[in-house]
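Just the heavy atoms: all of them, side chains too, but no hydrogens, waters or symmetry mates, feed the values below. Just follow the structure's listing: the first ligand is 1, and inside any ligand the first atom is 1.
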Amino acid sequence: MTTRYAACSCEQLRLVVEGDPVRVSICHCLACQRRTGSVFGVQARFDVEQVRTEGRYSEYVRVSDEGETRIFHFCPECGATVFYKIPSAPELIAVPVGAFADPAFPVPVRSVWESRRHPWLELPEDVENES
Ligand SMILES: [Zn+2]
Ligand SMILES: [Zn+2]
């Protein structure tokens, strides 16, 4: 089984992840743009049992326009979000793919909030779209 490691910028907060993600997706929503500081977010969902956390974290709860809650867990030292939880799916944990710093990470299979996509951004044709 593949073991992967995710970390914040200062590596105080780390994750040890066993096995492949349940799903990898891209989100173009404005909240993801704000959270990441990039123009889209890419996140991998895992079963909570695949993930072990090491180090200290703080939490920030964000409620989306649709009323969905996300609980972001970030490093109190450097501020990078290393994982987040979705209360409506407590069996899952989402990890921003960039936290793995691994260009060989499994590719996204799905793209959501296409209506907020920056027009210059092109995705591979086999990525499933969902506006
Ligand atoms: Zn840190
Ligand atoms: Zn989003």
Side-chain angles (χ1 to χ4, degrees):
M1 194 169 12
T2 312
T3 302
R4 294 185 175 90
Y5 303 89
C8 61
S9 297
C10 74
E11 300 184 57
Q12 181 280 125
L13 175 57
R14 292 175 310 275
L15 303 181
V16 180
V17 182
E18 303 285 353
D20 284 327
V22 176
R23 191 178 99 169
V24 184
S25 60
I26 291 171
C27 183
H28 305 278
C29 85
L30 300 182
C32 281
Q33 295 190 25
R34 283 242 158 85
R35 178 181 64 75
T36 60
S38 182
V39 295
F40 61 97
V42 191
Q43 50 280 323
R45 289 184 178 187
F46 297 92
D47 194 289
V48 284
E49 288 173 4
Q50 293 176 265
V51 181
R52 194 173 81 233
T53 65
E54 296 175 350
R56 289 169 292 110
Y57 53 80
S58 300
E59 293 182 4
Y60 176 74
V61 179
R62 190 195 89 208
V63 182
S64 76
D65 293 349
E66 291 80 33
E68 269 195 37
T69 303
R70 298 276 183 278
I71 307 168
F72 296 114
H73 296 75
F74 60 95
C75 172
E77 305 298 327
C78 73
T81 296
V82 179
F83 63 101
Y84 62 90
K85 291 188 172 169
I86 303 161
S88 60
E91 72 284 7
L92 296 173
I93 184 163
V95 182
V97 168
F100 289 97
D102 175 11
F105 197 84
V107 300
V109 295
R110 194 169 207 184
S111 169
V112 301
W113 274 103
E114 284 283 319
S115 59
R116 302 288 169 90
R117 180 168 58 84
H118 285 235
W120 52 263
L121 181 66
E122 288 181 21
L123 300 177
E125 274 175 16
D126 55 354
V127 173
E128 187 187 318
N129 289 344
E130 205 181 271
S131 64

Which heavy atom of [X] sits nearest a heavy atom of [Y], and at what distance?
{"X": "Glu18", "Y": "Thr3", "answer": "OE1-OG1, 2.8 Å"}
{"X": "Val42", "Y": "Pro108", "answer": "CG1-CG, 4.0 Å"}
{"X": "Val48", "Y": "Pro90", "answer": "CG1-O, 3.7 Å"}
{"X": "Ala80", "Y": "Cys8", "answer": "CB-CB, 3.8 Å"}

Open item on the list: I'd like to check the side-chain contact (heavy atoms from CB on, under 4.5 Å) partners of Asp102; sequence neighbours left out, ordered by chain and number.
Closed with: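 Applying side-chain contact (heavy atoms from CB on, under 4.5 Å) to Asp102 gives Arg4, Phe100, Ala104, Phe105.
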TODO: Sequence neighbours left out, what pairs pass salt bridge (Lys or Arg N to Asp or Glu O under 4.0 Å) with at least one residue falling in residues 71-82?
DONE: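 The answer is Arg56-Glu77.
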TODO: Check whether Leu121 and Val97 end up in the same hydrophobic cluster, where Ile, Leu, Val, Met, Phe, Trp and Tyr are linked by side-chain heavy atoms less than 4.5 Å apart.
DONE: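 Yes, it is one cluster - the side chains of Leu121 and Val97 are joined through contacts under 4.5 Å.
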Open item on the list: Starting from Leu123, can I reach Val24 by hopping between I/L/V/M/F/W/Y residues whose side chains sit under 4.5 Å apart?
Closed with: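 Looking at the clustering, Leu123 is in the same group as Val24.
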Task: Option from Tyr57, Phe83, Tyr84 for which ring-ring contact (aromatic ring centres under 6.0 Å, His included) with Phe72 holds - done: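 Considering Tyr57, Phe83, Tyr84, a ring-ring contact (aromatic ring centres under 6.0 Å, His included) with Phe72 is found only for Tyr84.
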Task: Atoms named by residue and atom, protein N, O or S, within reach of the Zn ion (ligand 1) (under 2.8 Å) - done: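 Short answer, with waters excluded from the count: Cys8 SG, Cys10 SG, Cys75 SG, Cys78 SG.
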Task: Shell of protein N/O/S atoms around the Zn ion (ligand 2), taken as anything under 2.8 Å - done: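 You should have found Cys27 SG, Cys29 SG, Cys32 SG.
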